[in-house]
Q: 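One structure is given below, represented as structure tokens, and several questions about it will come after.
For clarity, every value in this text was computed on a predicted model and none was experimentally measured. Here is how names work: the chains are called A, B, and so on, in the same order as the sequence lines, proteins then strands, and each is numbered from 1.
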Amino acid sequence: MINYIIRRLLYVLPVLIGVNILTFVLFFVVNTPDDMARMQLGDKHVNQAAIDNWKHQRGYDLPLLWNTEQKGFKQATKTIFFEKSVGLFVFDLGISDSGRDIVADISQRMWPSLAIATPSLIFGVLANITFALLLIFYRSSVLEFGGLFLCIALMSISGLFYIISAQYFVGKLLALTPISGYAPGADAFKFIILPVLIGVVGGLGSGVRWYRSLFLEEAAKDYVRTAKAKGLSDLQVLFKHVLKNAMIPILTGIVVILPLLFMGSLITESFFGIPGLGSYTIDAISSQDFAIVRSMVFLGSFLYIIGLLLTDISYTLVDPRVRLE
Amino acid sequence: MSACTDDALNNPYVKDDGTDKVIYSSFSERPKHLDPAKAYSSNEYAIIAQVYEPLFQYHYLKRPYQLEPLLARAMPTVSYFDNDGQPLPDSAPDNTIAFSEYRLTINAGTKFQPHPSFNIALHKGFPQDWDAKSLYDLPMASRVLTADDFIYQIKRLADPATQSPIAGLMANYIVGFNDFSERQSALAKQYPQWGKVQRLQSETMSGLKKIDEHAFIIRIKGKYPQFVNWLAMPFFAPMPWEADEFYSNPMLVSNNITLDWFPVGTGPYYLQENNPNRRMVLAKNPNFHLEYYPSEGAAGSREQGLLDDAGKRLPLTDKAIFSLEKESIPYWNKFLQGYYDASGISSDSFDQAVSFSAAGNVGLTDNMLERGIGLQTAVTTSSYYFGFNMLDDVVGGYSEQTKKLRQAISIVMDYEEYISIFQNGRGVPAQGIIPPGIFGHVDGKQGVNPVVYSWNEGAIRRPLTEANRLLLEAGYAQGIDPKTGKPLVLYFDTMDSGPDSKARLNWLRKQFNKLNIQLVIRGTDYNRFQQKMRNGNAQMFMWGWNADYPDPENFLFLLYGKNAKSLHGGENAANYQSAQFDNLFEKMSTMENTPERQAIINEMVAITQEDAPWLWGFHPKAFSLHHAWYKNANPNLMANNKTKYINIDVELRKSYQAQWNKPVYWPLMLILLAFLCLLLPAYIIYQRIERASAL
């Protein structure tokens, strides 16, 4: 397994280089360094000298990919692409174009995102699995029909509607939680109740239907009939045997997103005033801050690959038949 | 009552603020810069103008806007010199004045806020137990403000490493600014090991002269009376060299603790907490100099209660908390709960807040009145206009035909309707380039744009027939382009072409359709739009301008030939060129606000109304709401340092908050009951299933 992990980690390098090139090309097709300077310096009273100065101070006065004024190796290294990319591979994300340390920003903003995403995931998965198993248990009854109807209804409602209506009813009319805001430490509790609740309820419709389809497939297998024949109750069969045997697809969906949890959610964080990472990349794209865009895309790709690797490893833990070679 | 409020379940504030005399406000976007040499937008000024103080400020209550000393002891004395450096009398003709000298004297004894940067020992390193989280855990000190701090800040403006947005502009005025900037670039290359402070202090700027600890001189090129307005902006706030030195420590930089984020000023507040992703907290500066609430104001100030706090020491509150609130809906709901003291009105909540009487007067809805909410309206010193590129072959140029085409379009573009539909009535159709509140603006019959309006007890938009007549004279009878025999096609360049703008763009098409002109929308992104404007490739566009200072020069320069965007990179986006206008502009720009100046401005406005390089668009009207406990709110569109004048009736706020935020529990009980009711059929079916399995 160690060899497998090392090999997978080595694959990361070309993937990240590819992602980095793609990000670079896409960004600079839309924005030129002059555009970036204008965006940072503002519209008023800005002349070309100020723009040239901004580019020079931040190293955007070099050629993008190939420097014909240099010789030898420097033709490739004295470029915006090389100078802005090389640090990423040692996780030196550098300074944003507006002058802030990116690592410091991420380490400050990831905690609020985690504070929302972690309980949303845990409670969401627990609720989804429980309700999905109950729907299987109550198969062909009015409760299953009602449950499925509710799932479709929950899926049909936009996420934004959940947020706005929950803020209105729970925060405003019932005055039970703050409408938006955040505080660190123990004070965070009252601020995260509502976003977590919405995260769980909002994902319930699709989640329950997805898990139900997994469990239905398992429930039709021979071992379920055998277990029932041996006298186990339906609930015991579902929660002990079916659940355990459906773990591989469950893990596929969960473990891969674990490393990405701290990246946050754009809409939830915007509406609840959560100072997380959800809008970090979007804000950077709007303000043409290439330093942040490349760092976040790089980090996102890296973590996704790590998530996939963790998923593979987790298979070996839940199913002894799986061998990573 | 107090306990009720603090314990309210939906209270978004935690009890760590230690005081009740707090202003609760918000920001929707984190500021880019808090360094006064770089900051230039309103959300940045909302913070730094409370921390940094320039030499002058706008009187909070008096109108028209009036400058008064702030850190300065008096208004500057200005002397004029010719090319040989010989003094000239004040009455000297403008063309003989080669230099103006502003002699500035500052109040003695003004101190900077307590700050660790004044503790020189910390410049060498920090205590080992300091966790680099809060600056204010470090031992702090302060010192008295001197003329050197102003000189140092002007040098910072010129330093290329600072990247001040006004560096290019100031290089045109302050003597030696450009030379100093070039020398700093050379020094930075020659001595890369030097710190910023050492580099800036190693050179002098020829236009700056220190007289003594409390007086200095700024020498500028020519005569530029508006320079004093720049001295009232945070760009010219004093900066202690110790701050630059202190913040250059790499440990602080890697923790995002920089001068760009943690200001050091003399103002009424200091930035106690700066988390631009969550909240920023301004706390009262214990070293703030003596300053009192004004005891006189504009007519009606006393009746409006704006002089109730006259003579009280400023600031009137202990703290101002700005929380991140990106979306307007939660902001609005929290305002209604009493958790924000004041609010603008978004279009989503406009109908909830504002009603129009049968006579068209603006008022608040009953719901707002019951809550004791107050409304303030003010026409902003801004213009949103529709411009023609005067370099364009079809709509530009100065021939009678093209002028008449522009005039015809001016008539059919119904800005009254635009304001009603897209601005909820919040705006005033512009008659010319100068907005109300700025010297030179003329109201009533005399101020009406005769090309577009006639006057009959009010401005009346000229009829379509007149526009069609002008179009005929322009050579486009009934909108037909004689070259093609088809309706004339014009192009509108915009970066605002998403689904949200569809209605607005359809409205624009409709206006041109009135003349049988086909309008083609050329949507593009921000960068390409800016590029088109710089290259002069756009045909028609919409643009806006906010006043930097309350002087007509700051608007009329938008049509000055030497500012043509595609020719000189200036702010004249229409690329309008008129020798007559330019001559008058040069004369007007250095004059005092006299009847002679007004006459020249009238002439300039008439020239532009006739040439119609812009459809003058509208001046937006700002509507703001505030709760009954929020005192001294006064629309002052020039002052940025308004927070110090605001007073809060803490007890009133607490009582309202308690009344509006009583928790309601019964729906939770109802949900629980419904859940329990569901359990019954579940149990019955469970029993049935278990029995069936057993069979």
Q: So if I apply the ring pair (Phe, Tyr, Trp, His ring centres under 6.0 Å) rule between Y331(B) and each of Y24(B), F27(B), Y340(B), which one comes out positive?
A: Y340(B)
Q: Pick one of side chain, backbone, both or neither for A171(B), based on which atoms fall under 4.5 Å of a heavy atom in chain A.
A: neither
Q: Can you tell which part of E325(B) gets under 4.5 Å to a heavy atom of chain A, answering side chain, backbone, both or neither?
A: side chain
Q: Who wins among D283(A), T32(A), I102(A), D105(A) for the most heavy-atom pairs under 4.5 Å with chain B?
A: D105(A)
Q: Are there residues of residues 284-292 of chain A that reach to under 4.5 Å of chain B by heavy atoms, and which ones?
A: Q288(A)
Q: Count the heavy atoms of every other residue, nucleotide or ligand shown that sit under 6.0 Å from NZ of K55(A), and state whether that count exceeds 12.
A: yes
Q: Looking at N563(B) and N572(B), would you say the former's side chain and the latter's main chain have a donor-acceptor pair under 3.5 Å?
A: no
Q: For W660(B), which atoms come within 4.5 Å of any heavy atom of chain A: side chain, backbone, both, or neither?
A: neither
Q: Salt bridge (charged side-chain N to carboxylate O under 4.0 Å, His left out) between E144(A) and R212(A): does it pass, once the steps are laid out?
A: CA-CA 11 Å; E144(A) 190 202 31; R212(A) 177 179 167 273; 3.0 Å; yes
Q: For chain B, which of S98(A), A104(A), S180(A) has the most heavy-atom pairs under 4.5 Å?
A: S180(A)
Q: Sort out for me which of H56(A), M39(A), M36(A), K228(A) touches chain B most, counting heavy-atom pairs under 4.5 Å.
A: M39(A)
Q: Can you tell which part of Y686(B) gets under 4.5 Å to a heavy atom of chain A, answering side chain, backbone, both or neither?
A: both
